[in-house]
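Only a predicted model underlies this, so the values are computations on that prediction, with no experimental measurement involved. In what follows, chains carry the letters A, B, and so on, assigned in the order in which the sequence lines appear, proteins first and then strands, with residues in each chain numbered from 1.
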Amino acid sequence: MPELPEVETVRQGLARWVTGRQIGAVEVRHPRAIRRHLPGAAHFADVLAGRTVRDARRRGKYLWLPLDSGDALVGHLGMSGQLLVQPVGAPDELHLRIRFRFTDDGPELRFVDQRTFGGVAVSTGGAELPREIAHIARDPMDPEFSDAGFVAALRRRRTEVKRALLDQTLISGVGNIYADEALWRAGLHGVRPTDALTAPAAQRLLGHVRDVLGEAITAGGTSFDALYVNVNGESGYFERALNVYGREGEPCRRCGTPIRREAFMNRSSYSCPRCQPRPRTAAPRG
DNA sequence: CCTCATTCCTGCGGGC
DNA sequence: TGCCCGCAGGAATGAG
């Protein structure tokens with residue numbers, strides 16, 4: 001599942017392989033992939049044809065390509081989206097949704113997405129920070145991210161700490177996997193109330209979030225292929241560096257206690273029962 | 001404004 | 001063997 005590190009790997013690939021190139025024919029093969037582009041598929045292709053890609057940027061899990069028109073091609077990979085750079089004529093992927101050709105007849109860009117939670121759109125809301133992304137908080141790898149602001153905002157919330165980490169309007173880029181990993185590093189259970197965290201504890205948690213994201217970006221970079229702009233979350237980093245996510249019943253790498261899995265928002269949370277005890281003050285449920 | 005449940009989607013694997 | 005169902009999960013949306 002693409003979270004910030006995977007999206008950053010994609011961004012780096014786009015910056016290298018797409019920046020400076022002029023878009024040609026655009027083929028929308030599945031309307032759901034452009035459902036956020038309200039004027040529809042024909043308009044989408046029309047406004048992109050002839051435009052030159054100026055850059056590849058990211059905030060949290062969102063990507064955008066500023067164009068020479070002043071607009072931007074905005075995208076989100078959702079659960080299963082990929083942006084691939086493929087030679088013209090390479091066999092279509094089973095779940096190919098959009099094909100972007102370039103006027104130089106070089107490798108084409110493909111949006112491939114099995115579960116179609118992802119999508120792209122042309123934003124006329126500015127190339128610097130498209131309005132479709134403006135409601136998302138800065139991510140912790142952003143040089144202008146405010147640690148003090150985050151700590152204060154987190155402690156003002158009246159919710160559980162894992163829910164807060166997943167709230168993209170508070171801090172962006174963190175998904176279920178890296179939230180669990182950061183909480184394990186911090187020794188905090190995800191249901192801890194945010195308003196009971198001390199400022200130093202919140203700052204330590206933020207440090208762990210930043211650490212785990214940074215390490216994953218580094219690992220993602222090592223698996224980057226020269227041709228494929230790869231969302232390759234399952235390789236490398238995932239297999240060797242995850243401490244809790246997906247490790248139910250396996251020993252905690254810190255204390256040996258079997259990792260537990262708990263239901264959380266129609267999905268799962270993984271934690272160490274000993275390193276991350278449930279808070280005694282947690283509100284009773286049920 | 002804030003918090004939270006619901007909904008979108010498809011491949012996979014377990015159970016029977 | 002084959003069917004059914006649960007699960008994976010980011011974020012928009014609307015309810016309260």
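- Taking atom NE2 on A:His95 and atom P on B:dT10, their separation rounds to 9 Å, with Å as the unit.
- Classified by interplanar angle (parallel below 30°, tilted 30° to 60°, perpendicular above 60°), the ring pair A:Phe145/A:Phe150 is tilted.
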(request) Evaluate side chain to side chain contact (heavy atoms under 4.5 Å, CB included) for A:Asn243 paired with A:Glu181, printing each intermediate quantity in order. (result) CA-CA 6 Å; A:Asn243 286 301; A:Glu181 294 298 311; 3.5 Å; yes
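- For the pair A:Arg254 and A:Trp184, the cation sits on the ring face: its NZ or CZ lies under 6.0 Å from the ring centre, inside 45° of the axis.
- Looking at A:Glu93 and A:Arg29, no side-chain N of the basic residue comes within less than 4.0 Å of a carboxylate O on the acidic one, giving no salt bridge.
- As a whole-Å value, the separation of A:His76 NE2 from C:dA12 C1' is 11 Å.
- For A:Arg36, the side-chain atoms get nearest to C:dT13 when compared with the rest of C:dT13, B:dG11, C:dG10.
- Across all strands, A:Arg156 comes closer than 4.0 Å to no nucleic acid atom at all (heavy-atom distances).
- Considering all non-hydrogen atoms of both residues, A:Asn176 and A:Glu3 come closest at N-OE2, 3.6 Å.
- Contacts of A:Arg35 with the nucleic acid, taken as non-hydrogen atoms under 4.0 Å apart, are absent.
- Spacing between atom CZ of A:Arg115 and atom P of B:dC9 amounts to 13 Å, rounded to whole angstrom units.
- Classification of A:Glu144 and A:Arg138 as a salt-bridged pair holds, one side-chain N sitting under 4.0 Å from a carboxylate O.
- Between A:Lys61 and A:Glu6 there is no salt bridge, since no side-chain nitrogen of the basic residue lies less than 4.0 Å from a carboxylate oxygen of the acidic one.
- The distance between atom CG of A:Leu165 and atom P of C:dG10, rounded to the nearest whole Å, is 12 Å.
- For the pair A:Tyr178 and C:dG10, the criterion of a side-chain N or O lying under 4.0 Å from OP1 or OP2 is not met.
- One can place CZ of A:Phe264 at 12 Å from P of C:dA8, the figure rounded to the nearest angstrom.
- Using a 4.0 Å heavy-atom cutoff across all strands shown, A:Ser80 reaches no nucleic acid atom at all.
- One interatomic measurement links the two molecules: CZ of A:Phe117 to P of B:dG11, which rounds to 13 Å at whole-angstrom precision.
- Of the two residues near DNA chain B, A:Arg32 and A:Arg157, the one whose nearest nucleotide lies more 5' is A:Arg157.
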Using nucleotides 4-7 of chain B, report all nitrogen or oxygen pairs with the protein that are shorter than 3.5 Å.
from, atom 1, to, atom 2, distance (Å)
B:dC4, OP2, A:Thr159, OG1, 2.7

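- Between the C1' atom of C:dA11 and the CD1 atom of A:Ile171 lies a distance of 17 Å, rounded to the nearest Å.
- The end-to-end axis angle of the helix from B:dC2-C:dG16 to B:dC16-C:dG2, rounded to 10 degrees and based on five pairs per end, is 50°.
- Considering every non-hydrogen atom in both A:Val209 and A:Ala182, the closest pair reads CG2-CB, 3.6 Å.
- For A:Arg97 and A:Phe111, the positive end is not near the middle of the six-membered ring at less than 6.0 Å and at most 45° from its axis.
- With hydrogens and angles ignored, the 3.5 Å screen pairs no side-chain donor or acceptor of A:Gln276 with any backbone N or O of A:Gly187.
- If you take NE2 of A:His135 and P of C:dA11, they are 8 Å apart, rounded to a whole angstrom.
- Looking at which nucleotide of DNA chain C each of A:Tyr270 and A:Gln168 is closest to, the 5′-most match is held by A:Tyr270.
- Among the heavy atoms of the strands, none lies under 4.0 Å from A:His30.
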